[in-house]
Structures are given as C-alpha cells and as structure tokens.
Amino acid sequence: MIKEDYLIRFITIIGRSIAAMLDKRKQQQPEESLVLARALFKEITGGNIDEVPFQLDEQQVSQWSAQMTERMGDAAYETAMAYKDCGDKARAENFMDIALSLYAASEYKDKTFSIEREQKKEMVNKDKSILSK
C-alpha cells in the first residue's frame with residue numbers, strides 16, 4: 001500500500017508538471033517550461049536535465065510502474081518541445097529519444113497494446129524527423 005501511495009503521488013506530480021509545462025509553452029515561455037522540467041526531473045530522477053546527454057538510470061526506471069513510466073515519457077516529450085522552442089536541437093533530440101525509450105519500456109511493463117501510446121510514439125517520431133531537417 002505504501003508503494004502504491006508513493007507511485008500515485010509521483011504520477012500526480014508528473015501530471016501537474018506536464019500541464020504547467022504545456023501551459024508555459026503555449027504562452028510562448030519555453031524557458032519557464034524548462035524551469036518546471038528541471039524541477040520535475042530533479043525530484044523524480046535526481047538528475048540534472050542540463051547534462052548533455054541526459055540519461056535515465058535504467059535500474060530506477062525498472063522500478064516505476066507502467067503508468068509512471070509512460071507519464072515520464074510524456075514529460076520527456078514536453079521537455080524536448082521546450083528545448084526545440086528554445087532552439088536547442090541537441091537537447092530536444094536527446095529528450096525525444098528518452099520519450100521513445102520510456103514509451104517502449106511502458107509498453108513492455110504493461111504487456112498490452114495501447115493506441116494512445118502508439119500515437120504518442122508516432123508524434124515523437126514525426127517531430128524528431130522535422131527537427132532533424
């Protein structure tokens with residue numbers, strides 16, 4: 001029960017952070033979105049997103065639930081888009097790769113096919129191909 005409460009708490013934090021990040025980007029404030037991303041990734045992973053390349057600890061990710069893993073994939077994608085809006089192509093690509101990796105890990109953990117997750121992966125791949133042009 002304690003582990004479930006812990007995961008629910010983090011999933012809630014991630015969801016709120018993603019919503020706030022998206023709101024800042026829509027307001028043409030990608031730098032503010034990155035401030036929120038830094039705080040989120042620091043709290044959840046203990047890592048600094050300004051490290052190039054940023055990497056997640058696979059052992060830590062393996063302990064996350066499928067839902068938490070997918071939500072962190074959403075956060076990574078939103079972080080990528082904020083970096084893209086700031087003109088930082090390398091970091092944007094790094095976080096798109098992280099998002100794809102997390103979506104794949106979520107699918108593996110969940111052991112089910114999700115149309116929504118597939119659409120997210122397609123969107124990331126589309127944005128990544130546009131970015132690389």
Side-chain angles (χ1 to χ4, degrees):
M1 190 63 135
I2 292 174
K3 185 174 180 178
E4 288 176 18
D5 290 344
Y6 167 82
L7 290 174
I8 290 169
R9 181 174 148 280
F10 276 122
I11 290 167
T12 303
I13 289 168
I14 296 165
R16 288 181 182 154
S17 295
I18 292 168
M21 290 166 62
L22 184 58
D23 185 55
K24 292 296 182 187
R25 272 198 332 106
K26 284 184 177 181
Q27 294 176 18
Q28 307 295 323
Q29 299 174 337
E31 296 87 5
E32 294 298 318
S33 182
L34 289 172
V35 168
L36 295 167
R38 282 184 191 95
L40 173 65
F41 277 90
K42 182 71 172 174
E43 182 169 357
I44 302 294
T45 70
N48 178 357
I49 67 169
D50 293 321
E51 293 177 3
V52 178
F54 179 77
Q55 297 178 341
L56 292 174
D57 179 352
E58 289 182 28
Q59 184 177 12
Q60 184 181 39
V61 173
S62 71
Q63 296 174 8
W64 295 346
S65 69
Q67 185 181 17
M68 183 169 171
T69 304
E70 186 168 344
R71 293 298 161 252
M72 284 303 291
D74 297 344
Y77 174 71
E78 189 54 40
T79 302
M81 297 308 290
Y83 273 127
K84 177 183 143 304
D85 291 349
C86 287
D88 192 333
K89 181 180 171 181
R91 285 193 174 115
E93 287 179 344
N94 177 216
F95 275 89
M96 286 181 187
D97 289 338
I98 290 169
L100 290 170
S101 171
L102 289 170
Y103 290 146
S106 175
E107 185 171 26
Y108 176 78
K109 291 176 183 192
D110 199 19
K111 295 183 178 30
T112 60
F113 177 80
S114 164
I115 291 174
E116 180 183 347
R117 191 170 35 233
E118 288 302 310
Q119 290 171 338
K120 289 177 186 180
K121 290 192 294 189
E122 286 176 18
M123 183 173 55
V124 174
N125 281 319
K126 178 183 168 196
D127 288 335
K128 189 174 175 185
S129 70
I130 291 169
L131 188 63
S132 64
K133 290 181 181 179

Same cluster (ILVMFWY, side-chain, under 4.5 Å), V35 and L22: no
For the student: nearest non-hydrogen atoms of I11 and R71, plus distance: CG2-CG, 4.4 Å
ILVMFWY clustering at 4.5 Å (side-chain atoms), partners of I115: F113
Ionic contact status for K120 with E116, cut-off 4.0 Å: yes
Would you tabulate the side-chain donor-acceptor contacts of residues 26-33 under 3.5 Å, counting partners in other chains and residues two or more places apart, or write 'none'?
residue, atom, partner, partner atom, Å
Q27, NE2, D23, OD1, 3.3
Q27, NE2, D23, OD2, 2.9
S33, OG, M21, O, 3.2

Taking every non-hydrogen atom, the tightest pair across F41 and M72: CE2-CE, 3.6 Å
Atom of K24, atom of L36 and distance for their closest heavy-atom approach: CG-CD1, 3.9 Å
Heavy-atom closest contact (L34 atom, I49 atom, distance): O-CD1, 4.1 Å
Pair R117-D110, salt bridge (Lys or Arg N to Asp or Glu O under 4.0 Å): steps then yes or no: CA-CA 11 Å; R117 191 170 35 233; D110 199 19; 3.5 Å; yes
Pair Y83 + F54: ring centers closer than 6.0 Å: no
Atom of T69, atom of A105 and distance for their closest heavy-atom approach: CG2-CB, 3.9 Å
I8 backbone acceptor or donor facing T12 side chain under 3.5 Å: yes
Closest non-hydrogen atom pair, L56 against I98: CD1-CG2, 3.7 Å
Nonpolar side-chain network containing Y103, other nodes, edges under 4.5 Å: Y77, M81, M96, L100, M123, V124, L131
